[in-house]
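No hydrogens, no waters, no symmetry mates; every other heavy atom, side chains included, goes into these values.
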Amino acid sequence: QVQLVESGGGFVQPGGSLRLSCEASGSIFSVYVMGWYRQAPGKQRELVASITNVGRTNYGDSVKGRFTISRANAKNTVYLQMNSLKPEDTAVYFCALNDLTMYGPPRDYWGQGTQVTVSS
């Protein structure tokens with residue numbers, strides 16, 4: 001089984017910064033992509049950022065220029081640096097991992113989520 005452990009969420013004022021971390025462990029065969037999604041009350045879950053095994057990144061339109069995703073090459077770990085935070089960034093942030101596996105189709109795994117609140 002695969003576990004994703006997230007950390008770094010919290011309360012921050014508008015314009016402030018937070019750094020989220022996600023570390024994966026367990027029976028991982030080969031990671032294709034890891035990323036961050038978020039879901040606010042009354043809203044659909046949306047992609048925040050993702051990064052592939054070769055370092056290709058993708059960002060949601062609402063966070064481009066403000067958020068940066070990165071990874072530790074030797075570890076199944078990703079980070080999300082969030083700058084210039086806005087109240088509309090308030091949400092539960094989920095870490096996700098796609099594992100290619102040795103047999104069968106790829107599998108997706110999700111963390112428990114960490115709360116980010118941006119408010120005065």
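- For residues 97-107, the side-chain hydrogen bond (donor to acceptor under 3.5 Å, both in side chains) pairs, not counting sequence neighbours, are N98-D108.
- M34 and I69 make their closest contact through O-CD1, 4.0 Å (heavy atoms, listed as atom of the first residue, atom of the second, distance).
- The CZ atom of R71 lies 7.0 Å from the OG1 atom of T52; values are rounded to the nearest 0.5 Å.
- In the hydrophobic cluster analysis, where Ile, Leu, Val, Met, Phe, Trp and Tyr join through side-chain heavy atoms closer than 4.5 angstrom, V31 is grouped together with I51.
- With sequence neighbours left out, Y37 forms a ring-ring contact (aromatic ring centres under 6.0 Å, His included) with W110.
- Partners of E88 under the salt bridge (Lys or Arg N to Asp or Glu O under 4.0 Å) rule, at least two apart in sequence or in another chain, do not exist in this structure.
- Tracing side-chain contacts under 4.5 Å through hydrophobic residues (I, L, V, M, F, W, Y), one reaches Y109 starting from V48; they form part of the same cluster.
- Cluster partners of Y32, using a side-chain heavy-atom cutoff of under 4.5 Å among ILVMFWY residues and allowing indirect links, are V33, L100.
- Every residue two or more places apart in sequence or in another chain that forms a side-chain contact (heavy atoms from CB on, under 4.5 Å) with Q39 is listed here: R45, F94.
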Solution key, residues 10-21 side-chain donor-acceptor pairs under 3.5 Å, sequence neighbours excluded:
from : atom 1 : to  : atom 2 : distance (Å)
S17  : OG     : N83 : OD1    : 2.9

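- Judged as a side-chain hydrogen bond (donor to acceptor under 3.5 Å, both in side chains), and not counting sequence neighbours, Q112 has no contacts.
- In this structure, the side-chain hydrogen bond (donor to acceptor under 3.5 Å, both in side chains) partners of T117, at least two apart in sequence or on a different chain, are Q115.
- Rounding to the nearest 0.5 Å gives a distance of 6.5 Å between CG of L97 and CG of N76.
- Side-chain contact between L85 and F67: present, with at least one pair of heavy atoms (C-beta onward) separated by less than 4.5 Å.
- Nearest approach of C22 to L4, heavy atoms of both residues: SG-CB, 4.1 Å.
- Counting heavy atoms from C-beta outward, W36 and C95 have side chains that approach closer than 4.5 Å.
- For T90 (side chain) and V118 (main-chain N/O), a donor-acceptor pair under 3.5 Å exists by modelled atom type.
- Side-chain contact between T77 and Y79: present, with at least one pair of heavy atoms (C-beta onward) separated by less than 4.5 Å.
- Shown here are the side-chain hydrogen bond (donor to acceptor under 3.5 Å, both in side chains) partners of K64, two or more places apart in sequence or in another chain: D61.
- When the side-chain hydrogen bond (donor to acceptor under 3.5 Å, both in side chains) test is applied to S62, the partners found at least two apart in sequence or on another chain are R38.
- For S25, the side-chain contact (heavy atoms from CB on, under 4.5 Å) criterion is met by Q3, not counting sequence neighbours.
- With sequence neighbours excluded, the residues that form a salt bridge (Lys or Arg N to Asp or Glu O under 4.0 Å) with R66 are D89.
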